[in-house]
Number of protein chains: 2
Amino acid sequence: MNVVNESPRRKELTRLAAQLFVQEGFDRTTVRMLAQEMGIKSGSLFHHFRDKQEILAAVIEEGTENALQIARSALASCDNTPQARLHAMARAHLETLLTDRNAHVVALYEWRRLDPDARDHLSHLRDAYEALWEQVIDEALAAGLIQGDRFLVSRFVMGALNWTVRWYDPEGPRKPEDLARELIGMITSPRAVPAAPSTIV
Amino acid sequence: MNVVNESPRRKELTRLAAQLFVQEGFDRTTVRMLAQEMGIKSGSLFHHFRDKQEILAAVIEEGTENALQIARSALASCDNTPQARLHAMARAHLETLLTDRNAHVVALYEWRRLDPDARDHLSHLRDAYEALWEQVIDEALAAGLIQGDRFLVSRFVMGALNWTVRWYDPEGPRKPEDLARELIGMITSPRAVPAAPSTIV
DNA sequence: GGTTTACACTAGCGCTTGCTTGGTTGACCT
DNA sequence: AGGTCAACCAAGCAAGCGCTAGTGTAAACC
């Protein structure tokens, strides 16, 4: 049995599982359904994963690690101003929700189906991601770009962003860039909003 | 079998079901667990509800109708300024999340477990509620209190508010009033934020 | 050439699920 | 006294569940 997400085969199976978990929900997705989607028989599934729980954990781990990596590189490559960093985080968050949508929907909706061990491990990953946000928001507060309580502002912002998975349509006219700009514009003082990056037409 | 939520007995059973659905999730809550929590045998449950699905629909219907009613009376009894109406809606929303927490958590997390008929009926209720929000936000936009795209602003605000069910602690120091004030303060221009109501110390 | 490894198969065990059936109880009405 | 009705119960059915056991096979390695 594979134990790490490194195996390409396992990675592909994880991706398929994420899709089914979104469609049906974790509990209603049976191992037989998973196996069929993967083109194998249900027994063969347990060669790749110890049990059904481990598939859920793999899905969430994959998505969260990607989000963390994207956010870090977005912060590393943007201007070093509070505005630019805030914008980069929002944009990175929304782009992750687009490219890794299934995994993130699963993470948001099925978190409580994780057993305690997996939840413990994965909450460290999630905390690392949220810490990035809180740091960027702290900088914006210190610069007077936004006002309010540090804790509440970060919760509100992450709530607004995470909620997008319930209504955002990737096929629609609005791009992640647009959403990010609008959100940052909404929470910053009007006079403080910088011009949009030059990539926008 | 009862068919309306009017029966007091059924209303009480619905309340208990909401609690279990939050604790365990809809799919993992068995009819035997529900029956035990209600102090009856599993077969007796089907005297009150046609099937398990109907219990879920009853829970969500109850919560949404309460939210709608509270929001309407909050709007009816507040000052007729965009600020006051915005604030009243946010506060009403958060207070509903507090008093009817279980039902709302179920509505947010288990919506997709509804069968198409129930979903159709309940989405009309939900649309009526969201229409209240969009109206109030339109007024705030027209008054120049906030800026941005009508659609996006309302989604962001509702996202921030709904997300509170994931982190808000009713036992903590922050009251719904505080959260509402902070959120409105965050999205409105600083100079436009009115003084807090006199009930705040 | 023999052994190991990765991946897949068939068959089915033991258990739980939502729901049904047929019948009982006790409060209330006429 | 006789009838009604909501509320409940004991028992169990058919279907589906996660997972295991044991086996086959083709490629990779020594």
Side-chain angles (χ1 to χ4, degrees), chain A residues 1-60 106 110 112-119, chain B residues 1-60 106 110 112-119:
Chain A
M1 188 191 63
N2 296 318
V3 284
V4 283
N5 270 3
E6 305 300 318
S7 149
R9 178 71 172 143
R10 182 169 151 135
K11 219 157 191 167
E12 169 66 6
L13 298 181
T14 301
R15 206 185 53 81
L16 287 169
Q19 188 185 337
L20 258 183
F21 287 163
V22 169
Q23 272 175 41
E24 307 287 332
F26 176 70
D27 291 321
R28 291 175 101 89
T29 304
T30 69
V31 293
R32 287 165 178 83
M33 292 163 65
L34 286 165
Q36 190 175 18
E37 192 77 10
M38 297 166 178
I40 57 179
K41 299 298 175 185
S42 71
S44 314
L45 217 158
F46 295 91
H47 170 74
H48 300 278
F49 303 93
R50 188 170 351 109
D51 52 23
K52 196 187 165 191
Q53 273 282 330
E54 196 179 88
I55 308 180
L56 177 60
V59 167
I60 297 184
V106 170
E110 314 286 359
R112 309 175 35 147
R113 303 290 160 265
L114 290 167
D115 62 30
D117 285 348
R119 199 180 318 193
Chain B
M1 188 191 64
N2 296 316
V3 285
V4 282
N5 270 3
E6 305 300 320
S7 149
R9 179 68 173 145
R10 181 168 151 136
K11 218 159 191 165
E12 170 66 6
L13 297 182
T14 302
R15 207 184 52 80
L16 287 170
Q19 188 185 337
L20 258 183
F21 287 162
V22 169
Q23 271 174 42
E24 307 287 333
F26 176 69
D27 290 322
R28 290 176 102 88
T29 304
T30 69
V31 293
R32 287 165 179 81
M33 292 162 64
L34 286 164
Q36 189 175 19
E37 192 76 11
M38 298 166 177
I40 58 180
K41 297 299 175 184
S42 72
S44 314
L45 218 159
F46 295 90
H47 170 74
H48 300 279
F49 303 93
R50 187 170 352 108
D51 52 24
K52 197 187 165 191
Q53 273 281 330
E54 196 179 88
I55 309 181
L56 177 60
V59 166
I60 296 183
V106 171
E110 314 286 358
R112 309 175 36 148
R113 303 292 159 263
L114 289 167
D115 61 31
D117 285 348
R119 200 181 317 194

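Proteins come first, then strands; the chains are lettered A, B, ... in the order of their sequence lines, and each starts at number 1. Computed from a prediction, not measured in an experiment: that's the story for all the values here.
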### Task
Give the C-alpha distance, both sets of side-chain angles, the deciding distance and a yes or no for side-chain contact (heavy atoms from CB on, under 4.5 Å) between B/Arg112 and A/Val22.
CA-CA 10 Å; B/Arg112 309 175 36 148; A/Val22 169; 4.1 Å; yes
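- In this structure, B/Ile40 atom CD1 and D/dA6 atom P are separated by 16 Å, rounded to whole Å.
- Pairs engaging residues 35-46 of chain B under the salt bridge (Lys or Arg N to Asp or Glu O under 4.0 Å) rule: none recorded [sequence neighbours left out].
- Screening residues 21-31 of chain A for side chain to side chain donor-acceptor pair (under 3.5 Å), with sequence neighbours left out, gives A/Asp27-A/Arg113, A/Asp27-B/Arg28, A/Arg28-B/Asp27.
- Whole-Å rounding puts the B/Leu13 CG to D/dA7 C1' distance at 11 Å.
- Seen from the ring of B/Phe26, B/Lys52 counts as a face-on cation partner, given the 6.0 Å and 45° thresholds.
- In this structure the side chain of B/Gln19 never reaches within 4.5 angstrom of the side chain of B/Val106, judged on heavy atoms.
- Residues A/Leu20 and A/Leu16 have side chains not in contact (no heavy-atom distance under 4.5 Å, counting atoms from C-beta outward).
- The phosphate of C/dC7 has neither OP1 nor OP2 within less than 4.0 Å of any side-chain N or O from A/Ser44.
- Across the protein-nucleic acid pair, A/Phe49 atom CZ and C/dA8 atom C1' stand 15 Å apart, rounded to whole Å.
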### Query
Does the pair B/Leu13 and B/Ile55 meet the rule for a side-chain contact (heavy atoms from CB on, under 4.5 Å), with working shown?
CA-CA 9 Å; B/Leu13 297 182; B/Ile55 309 181; over 6 Å; no
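- Atom CZ of A/Arg9 is separated from atom P of D/dA27 by 16 Å (rounded to the nearest Å).
- Taking side-chain N and O atoms only, A/His48 has a distance below 4.0 Å to OP1 or OP2 of C/dA8.
- Axis deviation across the helix from C/dG1-D/dC30 to C/dT30-D/dA1 amounts to 10°, comparing end segments of five pairs, rounded to 10 degrees.
- Residues meeting the side-chain contact (heavy atoms from CB on, under 4.5 Å) test with B/Ala18, sequence neighbours left out: B/Val59, B/Asn102.
- In this structure, the salt bridge (Lys or Arg N to Asp or Glu O under 4.0 Å) partners of A/Glu12, at least two apart in sequence or on a different chain, are A/Arg15.
- With rounding to whole Å, B/Leu45 atom CG is found 14 Å from C/dT17 atom C1'.
- The shortest distance between the side-chain N/O atoms of B/His47 and the OP1/OP2 oxygens of D/dC8 is not below 4.0 Å.
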Could you go through nucleotides 14-21 of chain D and list every protein N or O atom that sits under 3.5 Å from one of its N or O atoms, giving the distance for each pair?
{"residue": "D/dG18", "atom": "OP1", "partner": "A/Lys52", "partner atom": "NZ", "Å": "3.0"}
{"residue": "D/dG18", "atom": "OP2", "partner": "A/Val31", "partner atom": "N", "Å": "3.0"}
{"residue": "D/dG18", "atom": "N7", "partner": "A/Arg32", "partner atom": "NH1", "Å": "3.1"}
{"residue": "D/dG18", "atom": "O6", "partner": "A/Arg32", "partner atom": "NH2", "Å": "3.1"}
{"residue": "D/dC19", "atom": "OP2", "partner": "A/Lys52", "partner atom": "N", "Å": "2.9"}

